[in-house]
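Throughout, a chain's letter reflects where its sequence line sits, starting with A, and its residues are numbered from 1. All figures in this text were calculated on a predicted structure; none of them were measured in a lab.
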Amino acid sequence: MSADPEDAPSSGAGVERVEGDGEPRYRAFWADEVADEIEARDPDEPIVIKGGVSPSGVAHLGNFNEIMRGYFVAEVLRERGREVRQVFTSDDRDPLRKLPRKLADTDGNVVGLGDVDAGALGRNLGKPYTDIPDPFGEAESYAAHFAALLKADADRLNVPVEMVSNTELYESGAFEEVIRRVLERVETAREVLAKYQDKVDEGYVPFNPICGNCGKITETVTDVDLDSGTVSYVCTDMEAGERTIDGCGHEGTATLRQGKLPWRFEWPAQWQVLGVDFEPFGKDHAEGSWPSGEDIARNVLGIEPPVPMVYEWFTLNGEPLSSSAGNVVTVAEVLELLEPEVLRYFFVRNPKRAKDFDVSRLDLLVDEFDRFERIYFGEEEVDPKLERLADRAYPLVVDEVREDRVRLPYTFAAVLGMTDDRDLRERMARNQGHITDETPEWAIEEALERVKQARTWAERMDNQYNYRLQAALPEVDFDPETEAALDELADFVEEGRDGEEIQGEIYEVARRHDVPVGDFFEAGYRLFFDATQGPRLGEFLGELDPEFVVARLRREG
RNA sequence: GGGCCGGUAGCUCAGUUAGGCAGAGCGUCUGGCUUUUAACCAGACGGUCGGGGGUUCGAAUCCCUCCCGGCCCGCCA
């Protein structure tokens with residue numbers, strides 16, 4: 001892959017020649033390095049960036065690695081004045097090999113297999129995803145259902161990706177020429193693939209017809225007739241992991257549009273048909289299908305493979321993403337907890353490093369994004385390298401660069417989420433200086449959006465921010481000293497005091513009545529939150545309607 | 001067994017291209033805000049940069065070697 005260093009700048013990923021001085025400059029953003037590599041090959045426009053996935057079940061955040069990595073490269077190229085298409089193939093002629101444990105309904109809600117007709121689905125094992133009905137009965141097919149969900153998620157992140165159906169490419173004949181070429185050169189195809197797969201033998205034919213009788217993908221080709229453009233097959237059993245999917249025994253013929261290439265050939269075929277210039281892929285492909293694909297592209301198809309990029313998988317809550325184990329999160333779910341720009345930012349970071357997406361500590365990710373943003377606006381002094389990254393990547397992460405935006409710290413937003421009162425939320429944010437008289441209305445609205453998200457997060461995680469201001473008086477039972485202290489505190493609040501004064505008075509009044517301060521706070525939390533802990537009490541109460549606070553302290557309502 | 005990618009503070013991660021004082025945030029601790037109660041501020045603690053060896057005036061960074069983790073080397077994608 002890599003060329004001689006003397007070839008710079010074309011081979012010099014990460015280095016560019018700045019006009020005039022000839023000094024190489026460090027590339028702060030990985031997407032610029034990739035873009036350099038692509039441009040060095042002098043590609044035709046539009047430049048095509050591809051990704052792809054088998055629409056086998058829930059489209060989870062892991063699938064977005066590919067989409068987002070491609071997106072940043074696409075954006076960088078567009079910024080350089082290039083025309084770019086980002087396509088994403090739904091590899092939907094792949095057969096259903098096993099039943100997924102989790103599905104997602106039309107609205108993207110994750111449901112279990114038990115919520116659909118699993119039996120009906122089971123009868124479709126071995127068939128292409130596009131030939132299986134949508135388990136939710138709405139889309140054209142199983143494949144269409146999940147492809148639509150993926151597209152919806154891409155839209156949510158404002159990533160303009162063109163979905164391409166693989167089945168469509170077969171049916172329309174787009175693949176036909178490539179398939180013909182592979183079959184014409186079947187000896188070469190076998191030789192090349194045999195270098196990577198031991199099982200390739202004399203009889204191996206890199207084409208899997210669809211059985212005309214039962215509709216399953218077959219694996220036993222008995223004859224190839226390129227003059228008529230057909231292959232003969234026997235519908236034999238298919239090994240799918242631990243299990244075997246029974247063939248029906250049917251013997252028939254199929255055209256080159258009625259079947260599929262095995263993945264190792266299909267991938268390079270996509271490169272050719274779609275004219276792919278760049279393809280990011282997970283590390284599972286790095287030592288498997290990429291080397292063989294590269295070889296097949298050059299030596300069977302006679303094309304140059306795209307610029308590759310291997311990305312490291314990230315973990316979810318410290319564990320590998322796994323649909324079968326249920327360790328998945330969808331884009332829609334994440335976007336209930338944070339802004340799209342924060343999620344996009346997650347993918348700005350080095351693709352080579354394994355990252356953890358820790359939902360319980362989303363506050364850290366959001367804080368990191370906020371900091372990244374401040375760095376961009378020069379509001380924070382940091383390491384110059386990080387500054388260059390922010391300069392470069394931040395505008396690609398947000399929909400619009402707006403210096404007037406306001407970001408409430410995520411945990412503070414979670415505190416504001418303890419009340420439903422929008423005006424109260426705003427008042428508290430003002431008191432903390434996050435909102436000023438100069439803050440434009442749109443910025444206030446958007447800042448408060450985060451409160452909803454942080455509130456949802458606190459509820460989901462049931463963490464230290466999951467307290468709720470109680471609208472009705474909780475059931476309480478205090479000793480006489482505590483009651484007297486509460487009454488006195490109520491009188492104090494009634495005089496019209498601010499939060500700071502109330503906070504101080506809590507200590508004073510507790511002492512005067514010989515109530516341990518801790519116990520007295522607990523009483524307060526019980527009254528207002530029906531809990532034993534909570535936010536800074538006095539200052540919180542100082543923001544509430546005094547009449548409400550007084551009545552509650554007097555246990556009247 | 002072979003290959004690829006990782007391993008940097010308790011946690012999450014920058015920094016590794018092109019060698020130049022070991023970094024950030026969070027957490028923890030201490031202090032401040034009249035005040036043990038989670039929002040704010042200041043400070044401190046925290047490291048054999050996975051281990052060992054080598055090159056170098058100088059190594060997290062380059063070389064060798066070993067350990068650990070993930071992935072690939074069957075099928076499928």
Side-chain angles (χ1 to χ4, degrees), chain A residues 2 5 12-15 23-27 30 33 52-56 91 94-95 97-98 166 196-199 208 217 219 238-242 262-264 266-267 281-292 310-313 315 318 320 349-358 360-365 367-368 370-372 375 380 382-386 389 408-416 418 428-429 431-434 463-465 467 499-511 516-522 524-525 532-540:
Chain A
S2 64
V15 173
E23 279 299 305
R25 195 179 69 182
Y26 166 78
R27 287 292 203 190
W30 56 266
E33 299 184 5
V53 73
S54 203
S56 55
D91 296 336
D94 298 347
R97 315 188 109 253
K98 61 176 182 187
N166 225 26
Y196 306 92
Q197 294 190 340
D198 296 337
K199 278 206 169 169
N208 304 119
I217 300 280
E219 295 186 329
M238 172 167 60
E239 299 298 325
E242 311 278 287
W263 167 248
R264 296 283 176 127
E266 190 175 69
W267 204 21
F281 47 86
K283 61 177 181 176
D284 53 335
H285 289 306
E287 294 302 309
S289 36
W290 171 255
S292 68
V310 181
Y311 57 82
E312 186 76 13
W313 291 344
T315 50
R349 304 191 295 183
N350 191 344
K352 289 278 191 209
R353 302 287 185 130
K355 302 279 194 278
D356 186 43
F357 191 85
D358 185 350
S360 71
R361 297 314 311 272
L362 278 190
D363 55 314
L364 296 181
L365 176 63
D367 284 350
E368 197 180 307
D370 289 352
R371 180 158 174 267
F372 183 69
I375 292 167
E380 193 160 329
V382 288
D383 167 16
K385 283 186 179 178
L386 191 51
L389 176 63
L408 302 176
Y410 197 73
T411 53
F412 177 64
V415 170
L416 298 192
M418 294 176 192
M428 291 171 83
N431 281 347
Q432 288 296 317
H434 296 299
N463 59 16
Q464 60 197 349
Y465 300 97
Y467 297 109
E500 217 170 303
E501 290 172 317
I502 297 171
Q503 179 75 4
E505 182 66 8
I506 291 173
Y507 290 89
E508 299 298 325
V509 86
R511 284 197 193 111
V517 172
D519 291 357
F520 193 56
F521 268 101
E522 200 173 311
Y525 290 124
T532 56
Q533 298 176 329
R536 225 168 179 22
L537 190 58
E539 292 173 29
F540 197 92

Only counting residues at least two apart or in another chain, list the ones meeting ring-ring contact (aromatic ring centres under 6.0 Å, His included) with A:Tyr311. none
Rounding to the closest angstrom, what is the interatomic distance between B:A18 and B:A59 at atom C1'? 14 Å
Which listed nucleotide (B:C26, B:A14, B:U36) is nearest to the side chain of A:Asp367? B:C26
Rounding to an integer number of angstrom, what distance separates B:C63 and B:C21 when you compare their C1' atoms? 25 Å
Would you indicate what A:Ser289 reaches in the nucleic acid, counting non-hydrogen atoms under 4.0 angstrom: base, sugar-phosphate, or nothing? base
At what distance, to the nearest 0.5 angstrom, does CG of A:Leu386 lie from CZ of A:Phe372? 7.0 Å
Whom does B:C71 pair with, Watson-Crick or G-U wobble, provided both distances fall under 3.5 Å? B:G3
Any side-chain donor near an acceptor of the partner, A:Ser54 and A:Asp94, under 3.5 Å: yes
Quick one: list whatever passes ring-ring contact (aromatic ring centres under 6.0 Å, His included) with A:His434, sequence neighbours left out. A:Phe412
Extract from the structure each pairing of a protein N or O with an N or O of nucleotides 4-8 of chain B at less than 3.5 Å, listing the distance.
unit_1	atom_1	unit_2	atom_2	d
B:C4	O4'	A:Glu287	OE2	3.1
B:C5	O2'	A:Glu312	OE1	3.1
B:G7	OP1	A:Arg353	NH1	2.3

At under 4.0 Å between heavy atoms, what does A:Trp313 touch on the DNA or RNA strands: base, sugar-phosphate, or nothing? sugar-phosphate
Looking at A:Gln197, does any N or O in its side chain come under 4.0 Å of the phosphate oxygens OP1/OP2 on B:C75? yes
Rounded to the nearest Å, what distance is computed from the CD atom of residue A:Glu508 to the C1' atom of nucleotide B:U35? 8 Å
Whole-Å gap separating C1' (B:C26) and CG (A:Asn463): 15 Å
Against the side chain of A:Val517, the closest entry in B:A14, B:U36, B:C76 is B:U36
Under the rule for salt bridge (Lys or Arg N to Asp or Glu O under 4.0 Å), what residues qualify as partners of A:Arg264, not counting sequence neighbours? none
Among the candidates B:A14, B:G74, B:G25, find the nucleotide nearest to the side-chain atoms of A:Asp198. B:G74
A:Gly518 near the nucleic acid: base, sugar-phosphate alone, or nothing, with a heavy-atom cut-off under 4.0 Å? base
Once the angle between the rings of A:His285 and A:Phe281 is folded into 0 to 90°, is it parallel (under 30°), tilted (30 to 60°) or perpendicular (over 60°)? perpendicular
Return the nearest nucleotide to the side chain of A:Gln503; candidates are B:A77, B:U35, B:C71. B:U35
Do any N or O atoms of the protein come closer than 3.5 Å to N or O atoms of nucleotides 27-33 of chain B, and which pairs are they?
unit_1	atom_1	unit_2	atom_2	d
B:C33	N3	A:Arg536	NH2	3.1

When the P atoms of B:C75 and B:C62 are compared, how many Å lie between them, rounded to an integer? 35 Å
Atom CD of A:Glu368 and atom C1' of B:G25: how far apart are they, to the nearest Å? 7 Å
A:Tyr525 OH - B:A39 P separation (whole Å): 10 Å
Set of residues satisfying salt bridge (Lys or Arg N to Asp or Glu O under 4.0 Å) with respect to A:Asp363, sequence neighbours excluded: A:Arg361
Contacts of A:Gly538 and A:Tyr196 projected onto RNA chain B by closest heavy atom; the upstream (5') one is A:Gly538
On RNA chain B, more 5' by nearest nucleotide between A:Asn208 and A:Glu522 is A:Glu522
Which part of the nucleic acid, if any, lies within reach of A:Thr411 when heavy atoms closer than 4.0 Å are counted: base, sugar-phosphate only, or nothing? nothing
Nearest-Å distance for atom pair CG/P, residues A:Leu386 and B:A24: 12 Å
Apply salt bridge (Lys or Arg N to Asp or Glu O under 4.0 Å) to A:Glu312 and list each qualifying residue two or more places apart in sequence or on a separate chain. A:Lys283
Between C1' on B:U36 and CG on A:Asp519, what's the gap in Å once rounded to a whole number? 12 Å
How far, in whole Å, is B:G50 from B:C68 if one measures between their C1' atoms? 7 Å
Inter-nucleotide C1' distance (B:C11, B:A77), Å rounded: 35 Å
Applying ring-ring contact (aromatic ring centres under 6.0 Å, His included), name anything that partners A:Tyr196, two or more places apart in sequence or on another chain. none
Identify, with sequence neighbours excluded, every residue that meets ring-ring contact (aromatic ring centres under 6.0 Å, His included) alongside A:Trp30. none
Please state how far atom CG in A:Leu389 lies from atom C1' in B:A14, giving the value in whole angstrom units. 10 Å
Between B:C49 and B:G15, how many Å separate the two C1' atoms, rounded to a whole number? 10 Å
Mate of B:G43 across any strand shown (Watson-Crick or G-U wobble, both atom pairs under 3.5 Å) is B:C29
Any idea which heavy atoms bring A:Ala286 and A:Pro291 closest together, and the distance? O-CD, 3.3 Å
Less than 4.0 angstrom between a side-chain N/O of A:Arg511 and OP1 or OP2 of B:U34, yes or no? no
Classify A:Asp356 by what it touches in the nucleic acid, base, sugar-phosphate, or nothing, heavy-atom distance under 4.0 Å. sugar-phosphate
What is the distance, rounded to the nearest whole Å, between atom CD of A:Glu219 and atom C1' of B:G74? 13 Å
So what does A:Phe372 touch, heavy atoms closer than 4.0 Å: a base, only the sugar-phosphate, or nothing? nothing
With C1' as the reference atom in both, quote the distance from B:G58 to B:G20 in angstrom, rounded to an integer. 7 Å
Rounded distance in Å between the P positions of B:G19 and B:G25: 28 Å
Spacing of A:Trp267 atom CH2 and A:Asp91 atom CG [to the nearest 0.5 Å]: 10.5 Å
